[in-house]
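Here's the structure we're looking at; comments come further down.
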Amino acid sequence: MVPLWCGNLKSMPEVNKIHFNSAEFLISANKLNQCPEDSGAEVAFAGRSNAGKSSAINTLTNNSKLARTSKTPGRTQLINFFQLNQPDLRLVDLPGYGYAKVPVSMKEHWQKHLDQYLQERMSLRGVVLVMDIRHPMKEFDEMMVRWCQATQIPLHVLLTKSDKLKRGPAQATMLSIRKILKESLGDKVTIQTFSSLKRDGVELLSNQLSEWLSSETNDEFSDQNGANEQN
Ligand code: GDP
């Protein structure tokens, strides 16, 4: 299925295209002070456990082993950083939520550190929120939206596992979520369907990330958004 999207991308000059298949594991951080130096630019992937976040990162980077898809709760409680082949550009895999086995104290630890990461990380250019297209906008997703609203960080929603729905229902889901998110995030939100299984939507995602990672600051990004809105 041709991926569906609602965004405001201008076409990327070839020279700015970032090669996501260059991503390599850099470091895992358990707290903000263990993160790599806060310079350059990075984009973070967030999503509930089982939403398809690891598969999406692996599909984007064309590396089936990069973000582990078989997870143990321990491993997913870390923020994982991946270096791209251009200096100071990174992908970030934020911890997934939803494991029944994770103790409340660990969830609280993560909420606190995620909050701190989203509030304080200067190099963060945008958040990709991965949601299973059949189960969108759960509690964790709403929390991420509130964080993005509070911090004014741009949000790109990936409605993944789109191969599980026909085109009509997929489009209806995308448009209804877009409508809800536009109310709180305005022009700071973009949305697309994605399938790791069929590799649908990879180019849209990489274009969005390239645009974010090429922007100097979030302020510059907002200026560009205003000037290039197509929808
Ligand atoms: P994570 O917990 O969010 O990192 O989720 P995973 O990437 O590990 O995916 C959870 C499950 O969904 C796995 O069984 C994947 O094979 C499956 N999955 C992930 N993406 C897709 C997709 O695009 N289509 C389909 N049909 N299954 C997917």
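Along the sequence shown, residues carry numbers from 1. We count ligands from 1, going down the list as the structure has it; atoms in each ligand are counted the same way.
- Of the candidates A46, A51, G201, S55, it is S55 that places a heavy atom closest to atom 9 (O) of ligand 1.
- Side-chain contact between T173 and P136 is present, with at least one heavy-atom pair separated by less than 4.5 Å.
- Counting the atoms of ligand 1 from 1 in the order shown, those under 4.0 Å from a heavy atom of D163 are 22 (C), 23 (O), 24 (N), 25 (C), 26 (N).
- Close contacts of ligand 1 with R48, meaning ligand atoms under 4.0 Å from a residue heavy atom, involve 3 (O).
- Under the 3.5 Å distance criterion, with hydrogens and angles disregarded, a donor-acceptor pair is assigned to the side chains of D88 and S39.
- Taking every heavy atom of S54 and a limit of under 4.0 angstrom, the matching atoms of ligand 1 come to 1 (P), 4 (O), 7 (O).
- Short contacts between ligand 1 and K164, defined as distances under 4.0 Å to a heavy atom of the residue, involve ligand atoms 26 (N).
- Looking at Q119 and D115, their side chains do bring a donor and an acceptor atom within 3.5 Å of each other.
- Between the side chains of D200 and S195, no donor-acceptor pair is found at a separation under 3.5 Å.
- Looking only at atom types and distance, the side chain of S123 has a donor-acceptor partner in the side chain of R90 under 3.5 Å away.
- Short contacts between ligand 1 and S49, defined as distances under 4.0 Å to a heavy atom of the residue, involve ligand atoms 2 (O).
- Atoms of ligand 1 found under 4.0 Å from any heavy atom of N50 (numbered from 1 in listed order, with element): 1 (P), 2 (O), 3 (O), 5 (O), 10 (C), 11 (C).
- Heavy-atom contacts of G52 reach the following atoms of ligand 1: 1 (P), 3 (O), 5 (O), 6 (P), 7 (O), 9 (O), 19 (C) (cutoff under 4.0 Å).
- Short contacts between ligand 1 and L197, defined as distances under 4.0 Å to a heavy atom of the residue, involve ligand atoms 22 (C), 23 (O), 24 (N), 26 (N).
- No more than 12 heavy atoms of other residues, nucleotides or ligands sit less than 6.0 Å from atom CD of E24.
- A donor and an acceptor atom, one from each side chain of S196 and T59, are located under 3.5 Å apart.
- Of all the heavy atoms of T160, the ones lying under 4.0 Å from any atom of ligand 1 belong exclusively to the side chain.
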